[in-house]
Amino acid sequence: SAVISQKPSRDICQRGTSLTIQCQVDSQVTMMFWYRQQPGQSLTLIATANQGSEATYESGFVIDKFPISRPNLTFSTLTVSNMSPEDSSIYLCSVGGQGKKLFFGSGTQLSVL
Amino acid sequence: AQSVTQLDSQVPVFEEAPVELRCNYSSSVSVYLFWYVQYPNQGLQLLLKYLSGSTLVKGINGFEAEFNKSQTSFHLRKPSVHISDTAEYFCAVSDDDFGNEKLTFGTGTRLTIIP
């Protein structure tokens with residue numbers, strides 16, 4: 001199993017600012033995933049982050065808005081840039097395990113005023 | 001493209017009563033199916049998964065689910081619920097591509113246990 005530490009757990013931000021979310025895993029993993037969970041909606045994959053290469057973004061998400069870093073096999077960051085109230089969501093980091101199992105961090109609840 | 005439908009957004013159930021949370025999926029290829037649970041203020045954790053083999057899958061905390069290919073369903077069941085089962089439950093699907101760990105999630109079902 002993998003233990004994922006994600007921070008901050010929650011934040012309230014002003015419109016136009018940026019927030020960087022950190023994700024730390026207790027073991028080395030090849031792929032890390034960033035999901036968004038909007039109020040009352042399902043989890044949506046933002047991007048897949050591989051160490052040593054550019055992140056792969058899903059349709060509707062772009063690097064300028066959600067830049068991702070993956071400096072090593074245990075750490076990744078997601079930045080939500082130039083925030084607007086529509087960015088208010090829970091952001092979740094996850095990693096894959098054996099048997100196609102995903103492990104999730106506890107999430108970052110972001111509110112944008 | 002895959003999609004997952006959880007028709008029930010909220011399900012209230014009396015304690016010790018049985019429960020079924022419905023999940024239907026659509027996919028043009030073979031799939032892997034999952035149920036995740038999210039307890040209040042916590043991250044998601046895997047309840048159970050179907051990869052292959054027996055269509056009846058048993059998971060943690062007394063939950064089970066049955067894969068029905070003809071009905072494209074993967075409903076979650078528990079014969080007797082407890083207060084501690086109060087949580088959000090997500091059904092998810094992954095296409096049959098070993099190593100592809102991207103999941104498509106349903107919108108979730110909030111299970112509330114009534115004492």
Side-chain angles (χ1 to χ4, degrees), chain A residues 1-11 21-26 29-50 55-61 76 89-111, chain B residues 1-10 21 23-27 29-53 57 59-60 67 74 87-110:
Chain A
S1 65
V3 176
I4 302 173
S5 301
Q6 190 174 334
K7 57 182 181 182
S9 58
R10 60 179 64 233
D11 207 341
I21 302 167
Q22 299 180 7
C23 180
Q24 178 77 51
V25 189
D26 68 343
V29 294
T30 304
M31 290 193 287
M32 296 177 76
F33 305 91
W34 287 98
Y35 283 86
R36 181 174 72 182
Q37 185 179 10
Q38 292 180 300
Q41 298 188 29
S42 64
L43 284 78
T44 303
L45 182 65
I46 298 171
T48 303
N50 292 328
T56 302
Y57 289 82
E58 298 298 308
S59 175
F61 297 96
S76 177
S89 294
I90 298 174
Y91 292 85
L92 294 148
C93 167
S94 74
V95 302
Q98 285 190 332
K100 297 184 74 70
K101 179 176 181 177
L102 280 184
F103 297 94
F104 286 85
S106 55
T108 297
Q109 184 157 359
L110 171 63
S111 297
Chain B
Q2 306 162 83
S3 67
V4 178
T5 302
Q6 292 182 249
L7 288 173
D8 307 306
S9 59
Q10 298 188 55
L21 306 183
C23 173
N24 288 88
Y25 69 92
S26 66
S27 175
V29 297
S30 299
V31 295
Y32 298 151
L33 294 157
F34 306 80
W35 276 99
Y36 281 83
V37 59
Q38 186 176 32
Y39 297 105
N41 300 314
Q42 295 186 30
L44 280 77
Q45 60 179 277
L46 182 67
L47 263 183
L48 49 79
K49 61 184 176 183
Y50 170 79
L51 302 183
S52 64
V57 180
I60 62 172
F67 170 55
F74 191 56
E88 189 93 19
Y89 292 79
F90 293 92
C91 183
V93 62
S94 172
D95 63 27
D96 189 12
D97 177 9
F98 187 78
N100 175 11
E101 294 154 319
K102 295 192 297 185
L103 299 183
T104 299
F105 286 86
T107 51
T109 298
R110 183 173 299 276

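The model shown is predicted, which means the values in this text are computed figures rather than measured ones. Just so we're on the same page: letters track the sequence lines, and every chain starts at 1.
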Compare every heavy atom of Ser42(A) with every heavy atom of Gly106(B), then report the nearest pair and how far apart it is. O-CB, 2.6 Å
For Leu43(A), is it the side chain, the backbone, both, or neither that has a heavy atom closer than 4.5 Å to a heavy atom of chain B? both
Between Gln37(A) and chain B, which part of the residue has a heavy atom less than 4.5 Å away: side chain, backbone, both or neither? side chain
Mind checking side-chain hydrogen bond (donor to acceptor under 3.5 Å, both in side chains) for Thr107(B) and listing every partner two or more places apart, or none if nothing turns up? none
Could you look at Gln38(B) and say if it's the side chain, the backbone, both or neither that has a heavy atom under 4.5 Å from chain A? side chain
Examine whether an atom of Ser94(A) lies under 4.5 Å from a heavy atom of chain B, and if so say whether it belongs to the side chain, the backbone or both; otherwise answer neither. neither
Within the distance-only criterion (no hydrogens, no angle test), does the side chain of Tyr36(B) pair as donor or acceptor with the backbone N or O of Leu102(A) below 3.5 angstrom? yes
The interface call for Glu58(A) against chain B, heavy-atom contacts under 4.5 Å, is side chain
